[in-house]
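Reminder, nothing fancy here: chain letters follow the sequence lines and each chain counts from 1.
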Protein chains: 2
Amino acid sequence: MVTYSISEVAKELNLTVYALRYYDKEGLMPFVERTPSGTRLFKESDIEALKIIQCLKSTGMPIKDIKGFIEWCSEGDATLKQRYDMFLERKAAVEAQLEELNRTMDLIRHKCSYYKTALDAGTEDIHKVNKIGSF
Amino acid sequence: MVTYSISEVAKELNLTVYALRYYDKEGLMPFVERTPSGTRLFKESDIEALKIIQCLKSTGMPIKDIKGFIEWCSEGDATLKQRYDMFLERKAAVEAQLEELNRTMDLIRHKCSYYKTALDAGTEDIHKVNKIGSF
DNA sequence: ACTTGACCTAGAGTTAACTAGAGGGCTTAT
DNA sequence: ATAAGCCCTCTAGTTAACTCTAGGTCAAGT
């Protein structure tokens, strides 16, 4: 079976070996096996699991909660409902984040055009004065 | 002129008075005036500025950088280009975040349907076994 | 006059998620 | 057999962004 070293995995997933070892210490990777001398050997399936972990992290889920999910995974079918509910909740969280980020984007775009206009005019006054001064 | 107390502003913007004072200490609110005895008096325009600050924060911009922007604002038209460029950069950052969040959403949705199927079947094996076992 | 409640500053404490350094062990090429 | 390069653990340090506490001021109501 093909395996990967910690630094290969780090490179592949774009994170540091420190971070990977930290995740392991926090209980996010109980499935990763070791050589007799203690070196971690990552399987393809471990890398897939780490991608799920990265996904959950990017929804804003704290590592402790991700650990809980990993534990559910190793408890088998008895925890299917919890895991399903967790993903539904994550989905709602991401939807909310997307909404907020879109609102943010609107404001940013508005500011871009605000400053474009001001820059073309050479002064910000164009925005302040006109309302009163145009009459 | 209508003014607001720090706790009114905190409630309005959905943050704590601690956070507001922290922002002030970090130089994000040099424009907020005080009574002779030192109490902050927030104007309507201050609240608008705080909304921009919140917007920048939600793009992932650190407070130190936001402070830099606030300083540019008080330096007048000489910094128009910097401010414009900053918003363009923020726009790119948010676009990248939206892209990642959408990728995340895809995976989450996939997991939702994965667990829905498993839950209906009563076991996760439905996903593992079928590929080999269905023949 | 005095109590209440909101305000203030300074500074210490908290939390999450790393990040780094010390000290040490395999494995491989010279 | 020894040096290089990667691996390990343990523990301490870092950073951002708050969060809280202590000790004090001030204005309004009773």
Roughly, in whole Å, what's the span from [atom1] in [X] to [atom2] in [N]?
X     : N      : atom1 : atom2 : answer
A/L20 : D/dT9  : CG    : C1'   : 16 Å
A/Y18 : D/dT14 : OH    : C1'   : 13 Å
B/I6  : C/dG5  : CD1   : C1'   : 15 Å
A/K11 : D/dC7  : NZ    : P     : 11 Å
A/M61 : C/dA16 : CE    : P     : 14 Å
B/K64 : D/dT14 : NZ    : C1'   : 12 Å
A/E26 : C/dA17 : CD    : P     : 9 Å
A/Q54 : C/dA17 : CD    : C1'   : 14 Å

Between [X] and [N], does any side-chain N or O lie under 4.0 Å from OP1 or OP2?
X     : N      : value
A/S7  : D/dC7  : yes
B/R21 : C/dC8  : yes
B/R40 : C/dT9  : yes
A/T39 : C/dC26 : no
A/R34 : C/dG25 : no
B/K67 : D/dA16 : no

Item to complete: Check step by step if salt bridge (Lys or Arg N to Asp or Glu O under 4.0 Å) holds for B/K43 and B/E33.
Response: CA-CA 8 Å; B/K43 301 181 289 293; B/E33 297 187 23; 3.7 Å; yes
Worksheet item: With nearest nucleotides of DNA chain D determined for A/V17 and B/Y22 from heavy-atom distances, which residue corresponds to the more 5′ nucleotide?
Response: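 Nearest-nucleotide comparison on DNA chain D picks A/V17.
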Worksheet entry | First of A/K25 and B/S37 reached from the 5' end of DNA chain D, by closest nucleotide |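 Closest to the 5' end, via its nearest nucleotide, is A/K25.
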Worksheet item: Quick one: do B/L28 and B/L41 end up in the same hydrophobic cluster if we chain Ile, Leu, Val, Met, Phe, Trp and Tyr together by side-chain heavy atoms under 4.5 Å apart?
Response: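 Result: no, two separate clusters.
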Worksheet item: Would you say B/D24's side chain and B/L20's backbone share a donor-acceptor pair under 3.5 angstrom?
Response: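 Flag not set: sc B/D24 to bb B/L20 has no pair under 3.5 Å.
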Discussion item. Counting the atoms with a prime plus P, OP1 and OP2 as sugar-phosphate, which does A/T16 contact under 4.0 Å by heavy atoms, base, sugar-phosphate, or nothing?
Written reply: sugar-phosphate
Practice prompt. Pick base, sugar-phosphate or nothing for B/S5, based on heavy-atom distances below 4.0 Å to the nucleic acid.
Written response: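 Sugar-phosphate, backbone atoms only, no base.
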Worksheet item: side chain to side chain donor-acceptor pair (under 3.5 Å) with B/Y4: which of B/E44, B/K11, B/R40?
Response: B/E44
Discussion item. Distance to the ring centre below 6.0 angstrom and angle to the axis at most 45 degrees; does that hold for B/K111 and B/Y114?
Written reply: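 That pair qualifies as a cation-pi contact.
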